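The structure appears below as structure tokens.
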Amino acid sequence: MSKNSIESTLHENRIFNPPAPSEVGASEWLISSLDQYQEMYDRSIADPESFWSGVAEDFHWFKKWDSVLEWNAPEAKWFNGGKTNVCYNCVDRQVDNGYGDEPAIIWEGEPVDDSGAPLDQRTLTYKDLQTEVTKLANVLKSKGIKKGDIVTIYMGMVPELAIAMLACARIGAPHSVIFGGFSAQAIADRVGDANSKMIITCDGSWRRGKVVPLKNNVDEAIQLMKDNGNQPVEHVLCFGRCHNDIKWGELDRCWNEEMEKASDECPCEELDSEDMLFLLYTSGSTGKPKGIVHTNAGYMIYTALTAKYTFNLIPNDQGGQNQVYWCTADCGWITGHSYIVYGILPNRVPSLMFEGGPDYPTAARFWQIVERHKVTQFYTAPTAIRAFMKWGDEHPESCDLNSLQVLGTVGEPINPEAWMWYRNKIGRGICPIVDTYWQTETGGQIITPLPGATPTKPGSCTLPFFGIDAIVCDEAGNEAGVNQGGLMAIRKPWPSMLRGVYGDRQRFIETYWSTVAKDGEPYYAAGDNTRRDEMGNFWIMGRTDDVINVSGHRLGTMEVESALVAHESVVEAAVVGMPHEIKGTGIAAFVTPAPGFDGGDELIQTLRAHVAEEIGAIAKPDMIRFTAALPKTRSGKIMRRLLRSIAAGDTEITQDITTLEDLSVVAKLASSDEE
Ligand code: PRX
């Protein structure tokens, strides 16, 4: 056993009880004991309809629901017959209740000066947000966008991105946000699949002192769609962010000019609870990303309730003492949807957004933001924490982090060392850490500690949230014993669960509802291996499918393989995850080059650039190895487990043929249990 793994085990067995609220400077814990959590949890499972209708009462409805839940597995209808509007509940309700002058979004952009101070920052009150959102909603309508039309959003992290999402929600036009790091090809695939009539973008966005040319990527995507004969886009609305030189074509409309003309009167559309709020593409086992469908009412209620209790969000007039919540994610991912915009605004605690990177101009940028805005709740990814550990303690130590009350992580398992560093160096050795486990498909956090109630162990996401009937089981739905591995499954529906895969019902059923069933009743299969310890805590042990988590970004190995084989130099490619010190999981590609192509450094660079072009920079392989043939089982399946162990350095390759390795030799040595 290595030193690291001994330390890991020691940390994993440590239990940290919640501190008193005063110890972290909070006025109270909304859920303040394990007993209180347990009582509420039991109630939520025993009678979900009464639990969730109680929660829904706190929101605004144009018309109340006829039924709380109609469940005909796997179809769920929550609050059916009800009419509501998520934008109203995030924005207008606050204004109507007299809170219009309170801060809703606090934003810091790049460029920053050498000291790290922002040159560009804005605070939008709920009233400001309402004005911008209503105007944009009118711009969308003026371009013929109506209820049900899917609007693609491809922007940087500027408040206009949240404004665009909310404007769509206001008029019932589902949005499909594409992360600004994705390539033209990735945009074309998603816009084509969604048959989207409009793209909202920016001339560019700032990242580490450079402009990301967002509008150019959209232009390229439109050209790709034209070449394919499927180009549904009628309008490209472009927000001028950074004076980037762009071309104006016939589809292009200028956000800034259109907004000047637009009226700020636009009532919220009265939408059905089950109307689509958004669709968000995510990676699965096959090469093609899938559009995960979320609907209005259940998503709104669940994300707002999880945000409230997981982060202990308390508005000022209820004793919150100027809380400022900051999630460092990008709105291009589900974390940004649920825990920058939709789950936070209803709670009336300001949501901080930032543009740029964590280490520009210095590795103290995050901590300076925390100090400047007296951030109280901070939510980030383990990969960022590991990077900060590497960059050195002097950066957080140079800033005043005493305002912090709750620290969150999301997106991938957090190693116990990083958990301890986070608690000690960022959280003064006292702030509770909420390691939140969830997925694009679950809409909101499903397994998570509550900061004032749940004893935590480094590396465990602990206990299920209210209403989540999560178990670890085998395919027959039989629960695993203590510390025995099994599949993460959820037995009962919950309000923010995905309602489908856009345009592909078969894939919805096969991916999520065909793995685990008991007595004919399918359970939701999350695709993660898990175990529960003697305290009932969940420990996520990795995916069961070919999905990998690179820096908390979800990618399908098949997506990267498809991108590689699309290059003329590649005959065959296999992609697997490999351990990576910072990213958690890195990307390893094993490639058989076409005749006439020699595997060498130049080809490695070409292929990395090619993958960035096809998908985005996040998908660039960290390691490419060329092989004359891929190791296969007798039935012709690529031996991925073997490749994973080669990538991890566990298995030595014994022979070389010229520049190419011959992995089939290793395959012969390996056992045949991959069949
Ligand atoms: O494998 C789990 C991992 O991320 C997957 C979901 O990825 P995505 O849909 O992109 O959503 C990420 C943000 C919610 C899960 O199936 N994952 C997410 N959170 C955790 C995690 N693994 C371990 N611990 C977590 N806290």
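Each ligand, and each atom within it, is numbered from 1 in the order the structure gives. Remember, predicted model here, so these are calculated numbers, not experimental data. Note that these values count all heavy atoms, side chains included, but never hydrogens, waters or copies made by symmetry.
- Nearest protein neighbour of atom 20 (C) of ligand 1, counting heavy atoms only, is Glu412 N, 3.5 Å.
- Ranking protein heavy atoms by distance to atom 15 (C) of ligand 1, first place goes to Asp528 OD2, 3.3 Å.
- Between Glu412 and the options Arg386, Arg543, Lys583, Arg554, a salt bridge (charged side-chain N to carboxylate O under 4.0 Å, His left out) holds for only Arg386.
- Of the protein's heavy atoms, Gly411 N, 3.2 Å lies nearest to atom 19 (N) of ligand 1.
- Every N/O-N/O distance between Thr282 and ligand 1 stays at or above 3.5 Å.
- Contacts with ligand 1 closer than 4.0 Å are made by side-chain heavy atoms of Ile540 only, the backbone lying farther away.
- In this structure, the side chain of Asn424 engages the main chain of Met420 through a donor-acceptor pair within 3.5 Å.
- Minimum interatomic distance between Ser551 and Thr383 (heavy atoms only, all atoms of both residues): O-CG2, 3.4 Å.
- Atom 11 (O) of ligand 1 has its nearest heavy-atom neighbour, among Thr442, Ile447, Thr530, Thr440, in Thr440.
- Within 6.0 Å of atom CD in Gln185, more than 12 heavy atoms from other residues, nucleotides or ligands are found, so the atom counts as buried in its surroundings.
- Closest protein heavy atom to atom 13 (C) of ligand 1: Thr335 OG1, 3.5 Å.
- Judged by the shortest distance from any of its heavy atoms, Gly527 lies outside the 4.0 Å radius around the atoms of ligand 1.
- Checked against a 3.5 angstrom limit, the closest N/O atoms of Thr436 and ligand 1 fall inside it.
- If you look at Cys461 next to ligand 1, there are no close heavy atoms at all, none under 4.0 Å.
- Contacts between His553 and ligand 1, counted as non-hydrogen atom pairs separated by less than 4.0 Å, are absent for every part of the residue.
- Classification of the Phe354-Phe366 ring pair by plane angle, with boundaries at 30° and 60°, yields perpendicular.
- Atoms of ligand 1 lying under 4.0 Å from any heavy atom of Trp438, numbered from 1 in the order shown and given with element: 6 (C), 14 (C), 15 (C), 18 (C), 19 (N).
- Of the candidates Thr335, Ile447, Ile468, Thr335 is the only one forming a side chain to side chain contact (heavy atoms under 4.5 Å, CB included) with Trp438.
- Contact atoms of ligand 1 toward Arg554: 6 (C), 7 (O), 8 (P), 9 (O), 10 (O) (distance under 4.0 Å to a heavy atom of the residue).
- Aromatic ring pairs are classed by plane angle as parallel below 30°, tilted from 30° to 60° and perpendicular above 60°; the pair Trp78 and Trp52 is perpendicular.
- Taking the six-membered ring where tryptophan is involved, the planes of Tyr379 and Tyr339 are perpendicular, since the angle between them exceeds 60° and thus also 30°.
- The closest donor-acceptor contact from the side chain of Trp494 to the backbone of Thr442 lies under 3.5 Å.
- At least one N or O atom of Asn549, backbone or side chain, sits closer than 3.5 Å to an N or O atom of ligand 1.
- Counting protein heavy atoms only, atom 23 (C) of ligand 1 is closest to Pro413 N, 3.1 Å.
- Taking the six-membered ring where the residue is Trp, Phe278 and His337 present tilted rings, their angle falling between 30° and 60°.
- Within ligand 1, the atoms closer than 4.0 Å to a non-hydrogen atom of Val410 are 13 (C), 14 (C), numbered from 1 in the order shown.
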